[in-house]
There are 2 protein chains.
Amino acid sequence: MANIRDIAKMAGVSVTTVSRVLNNHPYVSAEKVSAVIEAMKKYNYHRNINAVHLSKGKTFLVGVVVPFSNHPYFGLLLEGIATAALENNYKLVLIQTNYEEDKELEALKMLEDKQIDALIICSRICEWNLIEGCSANGPIVLCEDARDKRVSSTFIDHYKSFTMALNFLYKKGHTKIGYTIGRQSGTNSKQRDAAYKDFLKRHTFSYEPGYIFSGCFNFEDGDQVVEKLLQMKNRPTALLVTSDQVAAGIVTRCREQGILVPENLAIMSFDNQPISKVMHITTLEIPLVEVGKKLFGQAMKGEHVSHEEIPVRFIERQTV
Amino acid sequence: MANIRDIAKMAGVSVTTVSRVLNNHPYVSAEKVSAVIEAMKKYNYHRNINAVHLSKGKTFLVGVVVPFSNHPYFGLLLEGIATAALENNYKLVLIQTNYEEDKELEALKMLEDKQIDALIICSRICEWNLIEGCSANGPIVLCEDARDKRVSSTFIDHYKSFTMALNFLYKKGHTKIGYTIGRQSGTNSKQRDAAYKDFLKRHTFSYEPGYIFSGCFNFEDGDQVVEKLLQMKNRPTALLVTSDQVAAGIVTRCREQGILVPENLAIMSFDNQPISKVMHITTLEIPLVEVGKKLFGQAMKGEHVSHEEIPVRFIERQTV
DNA sequence: CTGTTAGCGCGTTCAC
DNA sequence: GTGAACGCGCTAACAG
């Protein structure tokens, strides 16, 4: 495997000159350029990018932590991040955690080891102090409200949007409202739960633990929700669903069971993914692609930490 | 940022000794080990992985080329690859192409540049000669039948499985059968189309261009299919659908339009994703996670090229 | 415009 | 057990 020195020798120039043509520097005579290019072709030369990385102290790699890569929510987020990365000539290292802390720590370690220039965490598990402790190693960006932390973030105000949704359902006459959520421990989930409890308190509605369905991520989880609903004697009349996929699953199963939507059960969802349009689901749009782009932008900002709130948009269709 | 030399100095040992404790080598006295560890802690030392990569000529990074990362098919494939990667202490570099050739070439370039140790292409766009030309730079693994090529592959015999599905529909009494497909130019798609045309020929059925729906990837594309179906005077009575998501979209829209499934339109799908179970869709299971694991395994095999066919499994439910 | 040379941070003989 | 010294391939002053 020929290296830059070999090429320099074969082309009768110095390594610097070779390096210059490699990087499209000006100030190299046309003849030498062609001589170098010739030699590179002849010896099938390819630059060793690791040497470049070492030399520059940069890898043009950004780590992205997601719990699952096969979920539309993270899929869209990834798409946004990937698009921005491409524009900036960066590559992405995907770190799928399945919500296991070890893997998230590994991602943090990659930043320490300088294997990646920055880290975007789409859904955090580990403690804040661990994150902040690593922030000296490079930019860390979160997709949750981190305004009181020393790392950048792009986020949705889930307290606000959940409250907005609850009020909308209330105005439509609903007083028995439940909600579905993915994992309950995340910051976003806690904000939502706080909004929910405050709503109940404001209207002096009683808290029904059975009205909260956790572990809801995918279409098939919506199926389970309806299953549980059928077992209940005092069912909610409306459901706030934190994912269009789950909402689609619920609507589908309701149709099978003869539960009329929205007459017997109103469904209000989040994200505004294509499936919600097809199934006429009323939803709160979260511009995930845009969020992804912003996240990447913040990752590029270096030391400078910033926080950006992304507004949601109400999309009324036929399930409320 | 302290480097190995600094640590050596601070601990009063040589860089070799530091390197040894870094890599858990034997033959280092306990005292020196602790001295080194102490120094590393004190100066918040972290090894620069790029230097390791350069020195070793390996990155423990494998590139994965996918057209989109937000599709369940590739999601599951990725999950399989990621799982295997984790077990082998490898990380993944995600290269999303959106089916643009440039991006695929970039991935090939990463292999040339030694930024990744191997490359897995989940859906190829560029010419075979380009792929084979790069195979000298490191293992390249494909997810399509590449038995006549000089790169490894794990694949489904789509000709066989499509034929199987068509025969099943035929036995159920269908003679007007159409199919949906993603992009038409891929190897897998061509195999399917060949199977389709051979089936028509065998039964002397005429070829109806309108029976083939391309560009079908997601749930919402199923919606479009039904839309087109409604415009046709001579509709197919059965549809082979190459993705559960699309099938789910079709079934959903059919219900809305009062098209009975399977009475008016039989749907036979592929993949056996969770959504197909919820919606009772008859499908041909493709064990994508397993495929992903095999792909990664082949990527690790180095020079040794191999080809592995993965069998599909017939899952009868209620849409045929 | 061009070449010399000193790093970048770590692994690894090979003597001691 | 230990360390000096060289090599990995490339970049970037600096000197011309």
Side-chain angles (χ1 to χ4, degrees), chain A residues 1-40 43-61 89 109-117 137-138, chain B residues 1-37 39-40 43-61 109-117 137-138:
Chain A
M1 189 100 269
N3 64 23
I4 198 173
R5 214 148 13 225
D6 298 331
I7 300 302
K9 202 171 294 174
M10 302 325 295
V13 300
S14 73
V15 289
T16 310
T17 301
V18 178
S19 175
R20 290 216 177 96
V21 341
L22 230 36
N23 298 291
N24 298 313
H25 260 278
Y27 304 139
V28 185
S29 69
E31 315 145 36
K32 299 222 172 187
V33 169
S34 57
V36 168
I37 289 180
E38 193 111 340
M40 296 201 297
Y43 292 90
N44 189 32
Y45 168 79
H46 290 294
R47 104 165 82 193
N48 182 325
I49 212 83
N50 293 311
V52 179
H53 291 339
L54 173 59
S55 195
K56 291 216 179 180
K58 244 184 131 183
T59 58
F60 290 93
L61 244 36
N89 240 303
K109 196 158 152 28
M110 288 178 76
L111 190 61
E112 282 183 351
D113 289 354
K114 308 248 166 273
Q115 180 156 201
I116 51 183
D117 292 346
N137 302 315
Chain B
M1 187 101 270
N3 64 23
I4 198 173
R5 216 155 6 231
D6 299 327
I7 299 302
K9 202 171 293 171
M10 304 323 298
V13 300
S14 73
V15 290
T16 313
T17 302
V18 178
S19 175
R20 288 214 178 100
V21 343
L22 231 36
N23 297 290
N24 298 314
H25 260 278
Y27 304 138
V28 186
S29 69
E31 317 144 35
K32 301 222 171 188
V33 169
S34 57
V36 168
I37 290 182
M40 296 203 295
Y43 291 89
N44 188 31
Y45 168 80
H46 289 293
R47 102 165 80 195
N48 182 323
I49 211 83
N50 293 311
V52 179
H53 292 339
L54 172 59
S55 201
K56 292 214 179 180
K58 241 185 133 183
T59 59
F60 290 94
L61 243 36
K109 195 158 153 27
M110 288 178 76
L111 191 61
E112 281 183 351
D113 289 353
K114 309 247 166 274
Q115 180 156 202
I116 51 182
D117 293 345
N137 300 316

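To find a chain, count down the sequence lines: A is the first, B the second, and so on, and within it residues start at 1.
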*Asks:* Quick one: which of D:dC10, C:dG3, D:dT11 gets closest to the side chain of A:N3?
*Replies:*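 From the listed options, D:dC10 comes nearest.
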*Asks:* Atom NZ in A:K32, atom CD1 in A:I37: separation rounded to 0.5 Å?
*Replies:*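 CD1 of A:I37 is found 14.5 Å from NZ of A:K32.
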*Asks:* At under 4.0 Å, does any side-chain N or O of A:S55 touch on OP1 or OP2 of D:dA12?
*Replies:*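 The answer is no; no side-chain N or O of A:S55 sits under 4.0 Å from OP1 or OP2.
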*Asks:* Is any side-chain nitrogen or oxygen of A:Y45 closer than 4.0 Å to OP1 or OP2 of D:dC10?
*Replies:*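 For A:Y45, the contact criterion (side-chain N or O under 4.0 Å from OP1 or OP2 of D:dC10) is met.
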*Asks:* With respect to the side chain of A:N23, which nucleotide from C:dG11, D:dT11, C:dG9 is positioned closest?
*Replies:*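 Given the options C:dG11, D:dT11, C:dG9, the side chain of A:N23 is closest to D:dT11.
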*Asks:* Rounded to whole Å, please give me the gap between CG in A:N50 and C1' in D:dT11.
*Replies:*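 Roughly 15 Å, once rounded to whole Å.
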*Asks:* Check the distance between C:dC8's C1' and A:L54's CG and give it to me in whole angstrom.
*Replies:*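 For the pair A:L54 CG and C:dC8 C1', the rounded distance is 4 Å.
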*Asks:* Heavy atoms within less than 4.0 Å of DNA chain C: which residues of residues 6-17 of chain B have one? Give them sorted by number.
*Replies:*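 Residues of residues 6-17 of chain B under 4.0 Å from DNA chain C: B:T16.
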*Asks:* When you measure from the side chain of B:K32, which nucleotide among D:dG9, C:dC10, D:dT2 comes out closest?
*Replies:*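 Out of D:dG9, C:dC10, D:dT2, the nucleotide with an atom closest to B:K32's side chain is D:dT2.
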*Asks:* Can a donor-acceptor pair under 3.5 Å be found between the side-chain atoms of A:R20 and the base atoms of C:dG3?
*Replies:*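 Indeed there is one.
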*Asks:* Side chains of A:S19 and A:T16 only: does a donor on one sit below 3.5 Å from an acceptor on the other?
*Replies:*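 No, because no side-chain N or O of A:S19 sits under 3.5 Å from a partner of the opposite role on A:T16.
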*Asks:* If the helix axis at each end comes from five base pairs, how far does the helix from C:dC1-D:dG16 to C:dC16-D:dG1 deviate from straight, to 10°?
*Replies:*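 Axis angle across the helix from C:dC1-D:dG16 to C:dC16-D:dG1, nearest 10°: 40°.
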